[in-house]
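Report on the following structure.
Labels below follow one simple rule: chain letters A, B, ... track the order of the sequence lines, proteins then strands, and each chain is numbered from 1. The figures here come from the full heavy-atom set of this structure, side chains too, leaving out hydrogens, waters and symmetry mates.
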There are 2 protein chains.
Amino acid sequence: MSFLTYKNPSLVEAASVIRDALEKHMLIVVFGNCRVDYEGRASSTLEWGNRLVIIKTDGSVLVHRPIGYEPVNWQPPGCIFHVEVLDGELKVRATRLHPRETLNIFFGEVIHIMVSSLTDTGEFSLYVSELDIKKAILTMPSLVEEGFKPISAEKELGESGFVDVLGEDSRGNLVVVEIKRVSVGKDAVFQLERYVKALERRVNRPIRGILVAPEIQKEAQLLAAHRKFEFKPISLKRCYEVLKLEKTKKLSDFMV
Amino acid sequence: MSFLTYKNPSLVEAASVIRDALEKHMLIVVFGNCRVDYEGRASSTLEWGNRLVIIKTDGSVLVHRPIGYEPVNWQPPGCIFHVEVLDGELKVRATRLHPRETLNIFFGEVIHIMVSSLTDTGEFSLYVSELDIKKAILTMPSLVEEGFKPISAEKELGESGFVDVLGEDSRGNLVVVEIKRVSVGKDAVFQLERYVKALERRVNRPIRGILVAPEIQKEAQLLAAHRKFEFKPISLKRCYEVLKLEKTKKLSDFMV
DNA sequence: ACGTCGATCTCGAAC
DNA sequence: GTTCGAGGTCGACGT
């Protein structure tokens with residue numbers, strides 16, 4: 001893994017370093033005084049200040065101020081770059097097609113550059129997503145309620161979108177399950193309402209709506225109660241354990 | 001503005017530099033080989049690899065891989081930090097309360113550290129937001145249609161939320177305006193429908209629904225037509241010009 | 001290619 | 001404090 005730093009380079013030197021690194025698809029970190037403008041889905045300008053500019057190996061760009069999680073300006077992966085020194089400023093242009101958007105960074109002073117051809121093969125795993133909750137419910141339907149039997153997942157319901165899980169309860173009622181990973185808000189209740197109503201237009205039997213999530217917001221609770229929807233709390237940890245168990249089981253099946 | 005870099009520091013040196021910089025609320029950029037785990041709203045692990053870790057002056061943390069716009073792990077502003085060298089690893093812990101979340105970064109090797117007490121006072125301005133479109137419409141109601149007269153903006157309609165702009169047309173009909181900055185999707189149509197229906201329960205006169213945005217999605221167009229809602233295309237540039245004009249006008253009023 | 005939906009969303013404003 | 005909506009959202013998945 002190559003790694004190089006340049007302290008207080010001239011703008012011409014900086015331009016050369018950045019051009020070379022872009023060609024080799026290296027990670028580039030520039031610290032310096034710059035102004036930025038953007039033109040695309042919206043337009044923005046950022047006046048002079050000291051910032052951290054990161055150009056990644058996939059052609060994405062981040063302009064970070066000293067505060068805030070989010071970059072003040074950016075460009076998603078896949079940009080085409082142009083670097084030049086013009087009127088005493090180092091201009092880095094990152095252009096994206098579809099949609100057509102341009103980010104221009106003008107450095108008046110480059111304080112530090114770091115370039116590296118780094119490799120990062122480390123695996124990233126996130127434990128419980130909304131899809132994981134669905135998988136956990138399909139694996140262990142009793143997470144919704146005792147006697148619940150899934151019929152299908154993600155059933156298309158015309159303009160109303162998809163049902164997270166469709167099933168039957170122990171008394172033969174249709175059950176529409178709406179899953180939220182964190183908290184049931186108003187939206188989830190309205191969505192479930194749309195699904196249930198769309199289903200009621202198609203079939204002629206009792207339909208129950210159940211909201212499944214770790215928690216529900218107060219207002220959503222009222223809206224749900226008003227529509228006779230039920231709320232079933234679920235634990236992310238429990239879902240994670242159900243999925244891990246399932247994985248181990250499948251693995252042991254394979255081993256035998 | 002102070003600025004310091006450290007190349008290939010020992011883990012103990014690195015810990016000392018980071019601790020000191022955290023105390024002074026400096027911007028810290030660390031490049032090194034690390035593994036990361038996170039526990040909070042979800043849980044995640046990231047195996048060993050070379051990454052760029054940024055700790056900002058407001059206590060936010062970003063862990064960036066060589067590709068992707070988004071950080072692989074992060075922590076929003078306001079974290080409490082703990083730095084220690086343990087079992088041959090430099091551990092940086094960033095804890096957040098509300099919700100309780102912990103990010104642990106374990107460095108096996110630190111390749112480069114950059115610390116700086118940077119200042120960045122440059123103003124950032126984005127030209128046209130959704131609010132700007134509303135302001136532009138309130139300033140120049142003909143953007144919606146000739147003869148449109150706004151009555152109020154952001155009218156509360158119970159559980160249906162807020163109306164972007166409520167007004168009257170030239171023939172005395174009530175007009176509900178739903179604004180989207182980029183494109184009218186299904187959601188906007190459903191939202192407008194909720195507003196119109198909520199309003200119909202309250203007043204007994206004709207109500208029109210108008211969707212205002214630079215463009216409309218095909219499916220949304222059908223849904224809108226089915227509900228007799230109209231779509232009024234609007235240009236972001238035009239809004240920007242209307243607002244700029246208004247600003248200049250106000251300024252000149254002040255000057256006189 | 002386009003549309004839909006989730007996100008450790010983040011961020012800000014309003015209540 | 002909570003709730004809600006917007007975002008240049010981004011990113012993933014399905015058609």
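Mapping A:H98 and B:D187 onto DNA chain C by nearest heavy atom places A:H98 closer to the 5' end of the strand. Each of A:G185 and A:L103 lies near DNA chain D, and the nucleotide nearest A:G185 is the one positioned closer to the 5' end.
Within a 6.0 Å sphere centred on CG of B:L174, other residues, nucleotides and ligands contribute more than 12 heavy atoms.
Rounding to the nearest 0.5 Å places CH2 of B:W74 at 9.0 Å from CD of B:E101. The CD1 atom of A:I55 sits 5.0 Å away from the CG atom of A:L22 when rounded to the nearest 0.5 Å. Atoms CZ and CG, on A:R51 and B:D120 in that order, are 4.0 Å from each other to the nearest 0.5 Å. With values rounded to the nearest 0.5 angstrom, A:D58 atom CG is found 10.0 Å from A:L27 atom CG. Going from atom CD1 of A:I234 over to atom CD1 of A:I179 covers 7.0 Å, rounded to the nearest 0.5 Å. Taken from CG in B:L62 to CD1 in A:I54, the straight-line distance is 7.5 Å, to the nearest 0.5 Å.
Of the candidate nucleotides D:dC4, D:dT3, C:dA7, C:dA7 has the atom lying nearest to any side-chain atom of A:R181. In this structure, the nucleotide among C:dA1, D:dG11, D:dG8 sitting nearest to the side chain of A:P77 is D:dG11. You'll find that the side chain of A:F124 is closest to C:dT8, out of C:dT8, D:dC4, D:dG8.
Contact between the side-chain N/O atoms of A:R100 and the OP1/OP2 oxygens of D:dG8 is not found at any separation under 4.0 Å. For B:K180 and D:dA6, the shortest distance from a side-chain N or O to OP1 or OP2 is below 4.0 Å. Proximity of A:R41 to the phosphate of D:dT9: a side-chain N or O atom is located under 4.0 Å from OP1 or OP2.
Of the possible polar contacts, one joining the B:Q75 side chain to the B:A94 backbone as a donor-acceptor pair under 3.5 Å is found. A donor-acceptor distance shorter than 3.5 angstrom exists from the side chain of A:K56 to the backbone of B:R65, with no hydrogens or angles considered.
Distance B:I179 CD1 to D:dG7 P: 11 Å, rounded to the nearest Å. Whole-Å rounding puts the A:I133 CD1 to C:dC5 P distance at 17 Å. Distance NZ (A:K186) to P (D:dC4): 5 Å, rounded to an integer number of Å. The distance between atom OH of A:Y195 and atom P of C:dT4, rounded to the nearest whole Å, is 12 Å. Distance A:K218 NZ to D:dT3 P: 7 Å, rounded to the nearest Å. One can place CD of A:Q221 at 16 Å from P of D:dT2, the figure rounded to the nearest angstrom. Atom CZ of B:F190 is separated from atom P of D:dG5 by 16 Å (rounded to the nearest Å). The interatomic distance linking A:L62 (CG) with D:dG8 (C1') rounds to 14 Å, in whole Å.
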Q) Could you spell out the base pairing of DNA chain C in dot-bracket, with Watson-Crick or G-U pairs whose two distances are under 3.5 Å, [ ] crossing and | to another strand? A) |||||||.|||||||

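The list of ring-ring contact (aromatic ring centres under 6.0 Å, His included) pairs with a residue in residues 30-64 of chain B, not counting sequence neighbours, reads A:F3-B:F31.
Looking at residues 65-76 of chain A, you'll see A:G68, A:Y69, A:E70 sit with a heavy atom under 4.0 Å from some atom of DNA chain C.
One P atom belongs to D:dG8, the other to D:dC4, and the distance between them is 22 Å to the nearest Å.
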